Amino acid sequence: MSNEANEANQSNQANQSNQTKQSNPAPETCAGKHPAPPCTLVIFGAGGDLTKRLLMPSLYNLAADKLLDDDMQIIGVNHGERETSEWRDELTQSLRKFAADKAATFHTTQLNEQAWSWVTQRLEYFPGEFTEDETFARLKERLAKAKSGNVLFYLAVGARFFSPIVEHLGAAGLLEEKDGNFRRLVIEKPFGSDLASARELNGCILKYAGESQVYRIDHFLGKDTVQSILAVRFANAMFEPIWRREYIDNVQITAAETIGVEGRGKFYEQTGAFRDMLPNHLFQLLGMVAMEPPNSFDAESVRDKKAEVFDAIKPLSANDVVLGQYEAGPAGPGYREEAGVDPDSRTETYAAARVYVDNWRWAGVPFYLRTGKRLSERRTEISIQLKAVPFLLFRDTPVDALTPNVFTLRIDPAHGTTFDFNVKVPGPVMQIGKVRSAFNYADFFAERANVGYETLLYDCMLGDETLFQRADSIETAWAAVDRVLHPDSPLPVRGYAAGSAGPAEADQMLAQDGRTWRSLTETRDTHDAGKKD
Ligand code: BG6
């Protein structure tokens, strides 16, 4: 991972002592960052949504930051004949639209024409079926003439094409690294749909490529707020001593969405909320919170520590999971009425789980995970709930109960942290009241153009695997949930109203443990203004 956080920290030291919002520092250029080495980026799925929405905008932002090498070339493979000029026009149109809609994630609302033209000059459309030998034979000839021998193969395609593409690349000898040039594979999620399929996919990939050539993406790890979890934990002396079972009562990891399945009904029907979010995105957050301090910040040290966490997760059982599906409610019609969805569908759009990490640091501390579509709030956050104080010093005063301290890492849509603690309410009586101290990124740092894939793409080109998932971690994560994915009898899917906080059974799961979920509206007024989904 880059040491950007560290640099940003130093250059903003003057601001650190100031809690109130001052004029923001000028947007930083990428101080200390160099252009990535030259490479040819081959995108399988050139016509897909991922290419339009995320890859091209990220390449554009990287080009605007001058982080790409002049000899870079971008070859887009897709079935269907078309001219490169048509592909360019289509991408230009979509980029202009995104730039207008999402100013914050781009350099300006007006496209930086110079940066975009830098990208478009390097684009080349390459027609070809993903499953035919002929495509790969032609690709081999084309790559032999590329400006750079380094090649990054990006599989921005449906999961059913992962193995066939890798097999064809391997058979054509396109994954062999020669003359000091790299050949890397970038694979999107979903990486398998259970332990057996993930093992099979890893087996296929590792037959043709070494582990160090494989970059398995989890886009949550591209978020600055997620990367910052390690900075908060390991760049401050105050957290580490209490970051353990002696002080922490429970950890709640939430990824609540207000959107529905957004036209992806067909995909979602086969996937469901649990597979879509839990063993990948939510486990990655859990890994960042629960891992031991690594010896250094290099890829293997960090990934080893994360792998240890997944390995320590006690396999989930049916009692640890609640599934739900949204029904018609204040936020609109039910899931079964969505396009592409079976009217009798039993696919879950909500999943909650109780997870235990069986190791010295976390034994007995539940990690409650939840995610869902069409919930009342958009909120991705991690709440660390501390234990109550050991002794109620104020028992002779009108203090009923103290609210335990809660430290929350806010990932989306607000970026920052909050800390809930107790103080004396002013007045003659000793009365205790809960207060909240909040840190908001925007108060300290200039907002950076970022669609979330910039760091990931840049790191792939640099060969930094810190933010990518290793084969063993993927498999241990699936192993932890495999029993729930293949239960003896189907798990019940509970109804919840679209626009609510999820099924009542998820509340009951925590109630059995004498706990409650942190309300989705708890921090609604803290820095949420103006933040969109
Ligand atoms: C994707 C899931 O991986 O992550 C989507 O397939 C989900 O269903 C999305 O909406 C959430 O990501 P983010 O970055 O919008 O929180």
Side-chain angles (χ1 to χ4, degrees), residues 45 48-55 57-58 98 101-102 104-105 155-160 162 186-193 198 216-229 253-286 288 323-326 331 335 338-341 345 347-352 369-382 409-415 450-457 467-469 474 477-478 498 502 520 528 531-533:
D49 228 38
L50 181 81
T51 303
K52 271 188 243 165
R53 287 180 174 278
L54 296 162
L55 299 187
S58 304
F98 294 145
D101 292 353
K102 289 188 161 186
T105 57
L155 275 53
V157 291
R160 69 184 190 284
F162 291 167
V186 189
I187 314 241
E188 274 291 335
K189 111 174 215 297
F191 198 97
S193 54
R216 299 173 191 81
I217 284 208
D218 184 306
H219 83 272
F220 266 44
L221 296 180
K223 296 174 192 274
D224 274 328
T225 41
V226 172
Q227 293 167 27
S228 184
I229 297 170
I253 303 184
T254 300
E257 298 184 278
T258 49
I259 54 170
V261 287
E262 306 289 289
R264 294 196 307 158
K266 218 170 134 207
F267 158 81
Y268 209 77
E269 275 288 90
Q270 293 159 13
T271 310
F274 191 94
R275 282 185 168 86
D276 190 33
M277 299 288 290
L278 215 115
N280 33 62
H281 301 326
L282 298 194
F283 270 26
Q284 285 302 322
L285 299 182
L286 186 152
M288 302 286 250
L323 303 179
Q325 186 189 76
Y326 62 84
Y335 172 69
E338 301 267 8
V341 171
S345 173
T347 302
E348 80 283 1
T349 58
Y350 175 99
L369 277 44
R370 64 179 159 167
T371 183
K373 303 273 184 204
R374 282 266 188 272
L375 294 174
S376 59
E377 304 282 321
R378 156 75 158 153
R379 196 161 270 13
T380 303
E381 65 183 26
I382 303 167
L409 293 146
R410 309 196 67 198
I411 290 160
D412 272 321
H415 302 156
N450 189 352
V451 292
Y453 271 62
E454 289 82 353
T455 313
L456 297 174
L457 270 172
L467 297 176
F468 299 87
Q469 303 188 73
I474 293 252
W478 279 119
L520 289 179
D528 276 359
K531 296 279 180 190
K532 289 196 283 178
D533 256 3

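All values reported here derive from a predicted model rather than from experimental measurement. Counting convention: from 1, in listed order, for ligands and their atoms alike.
Taking any N or O of Y268, backbone or side chain, none lies under 3.5 Å from an N or O belonging to ligand 1.
The residue from H219, E257, E188 that puts a heavy atom closest to atom 4 (O) of ligand 1 is H219. Nearest to atom 15 (O) of ligand 1 by heavy atom, out of R275, R378, R379, is R378.
Less than 4.0 angstrom separates some heavy atom of R264 from each of these atoms of ligand 1: 2 (C), 5 (C), 6 (O), 8 (O). Close contacts between ligand 1 and K189 involve ligand atoms 1 (C), 2 (C), 3 (O), 6 (O) [criterion: under 4.0 Å to a heavy atom]. Atoms of ligand 1 found under 4.0 Å from any heavy atom of K223 (numbered from 1 in listed order, with element): 13 (P), 14 (O), 16 (O). Close contacts of ligand 1 with H281, meaning ligand atoms under 4.0 Å from a residue heavy atom, involve 1 (C), 3 (O), 4 (O). Interface of K373 with ligand 1, defined as ligand atoms under 4.0 Å from a residue heavy atom, comprises 5 (C), 7 (C), 8 (O), 10 (O).
In terms of protein heavy atoms, atom 6 (O) of ligand 1 is closest to D276 OD1, 2.6 Å.
Relative ring orientation between H219 and H281 is described as perpendicular, the plane-to-plane angle rising above 60° on a 0-90° scale split at 30° and 60°.
Checked by atom type and distance alone, the side chain of T258 never pairs as donor or acceptor with a backbone atom of R378 at under 3.5 Å.
Between the side chains of Y335 and E269, at least one donor N or O lies within less than 3.5 Å of an accepting N or O. There is no side-chain donor-acceptor pair under 3.5 Å between T254 and E381.
In plain terms, the two heavy atoms of T347 and S345 that are nearest each other are N-OG, 3.0 Å. For the pair G45 and T51, the tightest heavy-atom approach, listed with the atom from each and the gap, is O-OG1, 2.7 Å.
In this structure the side chain of E338 reaches within 4.5 angstrom of the side chain of Y326, judged on heavy atoms.
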